[in-house]
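Below, read A as the first sequence line, B as the second, and so on, with proteins coming before strands; counting in each chain starts at 1. Only a predicted model underlies this, so the values are computations on that prediction, with no experimental measurement involved.
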Number of protein chains: 2
Amino acid sequence: MYSSELIKGTLKTIVLKLLSESDKMYGYEITQKVKELTAGKILLTEGALYPTLHAMEAEGILTAEAVNVGNRIRKYYSVTKTGKKIAKEKVNEFEDFMNTMIFLLGLKPKIG
Amino acid sequence: MYSSELIKGTLKTIVLKLLSESDKMYGYEITQKVKELTAGKILLTEGALYPTLHAMEAEGILTAEAVNVGNRIRKYYSVTKTGKKIAKEKVNEFEDFMNTMIFLLGLKPKIG
DNA sequence: TTATATACCTAATATTCTTATGTATATAAT
DNA sequence: ATTATATACATAAGAATATTAGGTATATAA
């Protein structure tokens, strides 16, 4: 697990990227997928994730659909057309930022 | 200039890395050096930088020395032994984090 | 029957940054 | 001369985002 300050500001980018690649996902599913893909190095907390999902829905970046699964409720989120554009921009910006940081921190370059 | 949320959490890492490479630097000098090295893509604000420098000094990561230059005051900061260790840890952690993000966001790998 | 996993949510608090403001000297431009 | 910009420090109010902790509820494994 990384120090919390390191991950700050990357939540939206991660969520938008994952949602852009799948038809729809629900909150809990996102936390598990990120945990799995990062081998537990990035753990999204619900207190950060849910408010962010609500905010992105309010901004028109995501649409939500509540579904009953057995007796439980799931809220599936999908990326809107606007959201897909923003997702690409965020990923591109992050890539650019990493290149800048690689130079600034004197690391060996890696994204080509 | 990157969106502010992207840069969040990287300030200490940047400052510690720069200070580790030089004997000593003062706050304004750090802002200018980062601006120069990143071609203006990362601009450190004074409201973020100075409190962080004070905090790191209080934590024993940095030592400060006030110097009169003409009629102006400069506060030179140096990294302590503890600080150098933390600087290395932070840079290593950031490199690891970037690799994780590269995988998670499906980017082409770059740090080798 | 107790713990863990699934699945949502919010509120108080903490952290960190932005924005704005203040002080003061030095220098370049009009 | 005077105005703008650069140098150089600092803090304080507010915004944004995350942590921590708590709440509700069902399903399943121990």
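- Between B:Met25 and B:Lys33, some side-chain heavy-atom pair lies under the 4.5 Å cut-off.
- In this structure, the CD atom of A:Glu46 is 14 Å from the C1' atom of D:dA18, given to the nearest Å.
- Atom NE2 in B:His54 sits about 16 Å away from atom C1' in C:dC17, given to the nearest Å.
- At distances below 3.5 Å, not a single donor-acceptor pair connects side-chain atoms of A:Thr100 with backbone N or O atoms of B:Thr38.
- Nucleic acid contact for A:Leu11: sugar-phosphate only, since backbone atoms but no base atoms lie under 4.0 Å from a heavy atom of the residue.
- Distance alone, capped at 3.5 Å, is enough to place a donor-acceptor pair between the B:Thr80 side chain and the B:Gly60 backbone.
- B:Asp96 places no side-chain N or O within 3.5 Å of a backbone atom of B:Asn92 that could act as its donor or acceptor partner.
- Here the side chain of B:Glu29 pairs a donor or acceptor atom with the backbone of B:Tyr26 at under 3.5 angstrom.
- A straight line from OH of B:Tyr50 to P of C:dT21 spans 19 Å, rounded to a whole angstrom.
- Side-chain N or O atoms of A:Ser78 include one that pairs as donor or acceptor with a backbone N or O of A:Asp23 at under 3.5 Å.
- Looking at the side chain of B:Arg72, the nearest of the listed nucleotides D:dA6, C:dT10, C:dT6 is D:dA6.
- Atom-to-atom, CD of A:Gln32 to C1' of C:dC8 comes out at 14 Å; the value is rounded to the nearest Å.
- Rounded to an integer number of Å, the gap from A:Leu49 CG to C:dC8 P is 9 Å.
- The CG-P distance, from B:Leu53 to D:dA10, rounds to 8 Å in whole Å.
- Nucleic acid contact class of B:Arg74 (heavy atoms, under 4.0 Å, all strands): sugar-phosphate only.
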Problem set entry | Intra- and inter-strand pairs of DNA chain D in dot-bracket (Watson-Crick or G-U wobble, both distances under 3.5 Å; | for another strand) | ||||||||||||||||||||||||||||||
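- Considering only side-chain N and O atoms, B:Thr45 lies nowhere under 4.0 angstrom from the phosphate OP1 or OP2 of C:dC17.
- The residue among A:Gly47 and A:Ile73 whose nearest nucleotide of DNA chain C is located toward the 5' end is A:Ile73.
- Of all the residues in residues 12-24 of chain A, not one reaches under 4.0 Å from DNA chain C with any non-hydrogen atom.
- Rounding to the nearest 0.5 Å gives a distance of 11.0 Å between CG of A:Leu18 and OG1 of A:Thr13.
- A:Leu62 and A:Leu19 make their closest contact through CD2-CD1, 3.7 Å (heavy atoms, listed as atom of the first residue, atom of the second, distance).
- Between A:Lys33 atom NZ and C:dT6 atom C1' there is a gap of 17 Å when expressed in whole angstrom units.
- D:dC9 atom P lies 12 Å from atom CG of B:Asn68, rounded to whole Å.
- Summary of the strand contacts: A:Leu44 and A:Gly70 both lie near DNA chain D, and taking for each the nucleotide with the nearest heavy atom, the more 5' one is attributed to A:Leu44.
- Within the 3.5 Å criterion, the main-chain N or O of A:Ser3 finds a donor-acceptor partner in the side chain of B:Glu93.
- Looking at heavy-atom distances under 4.0 Å, B:Glu5 makes contact with sugar-phosphate atoms alone, never a base.
- Proximity of B:Lys8 to the phosphate of D:dA18: no side-chain N or O atom is located under 4.0 Å from OP1 or OP2.
- Of the inter-residue distances, the one linking A:Met56 atom CE with A:Leu11 atom CG reads 6.5 Å to the nearest 0.5 angstrom.
- Position along DNA chain D of the nearest nucleotide to B:Tyr26 versus B:Ala48 favours B:Tyr26 as the more 5'-ward residue.
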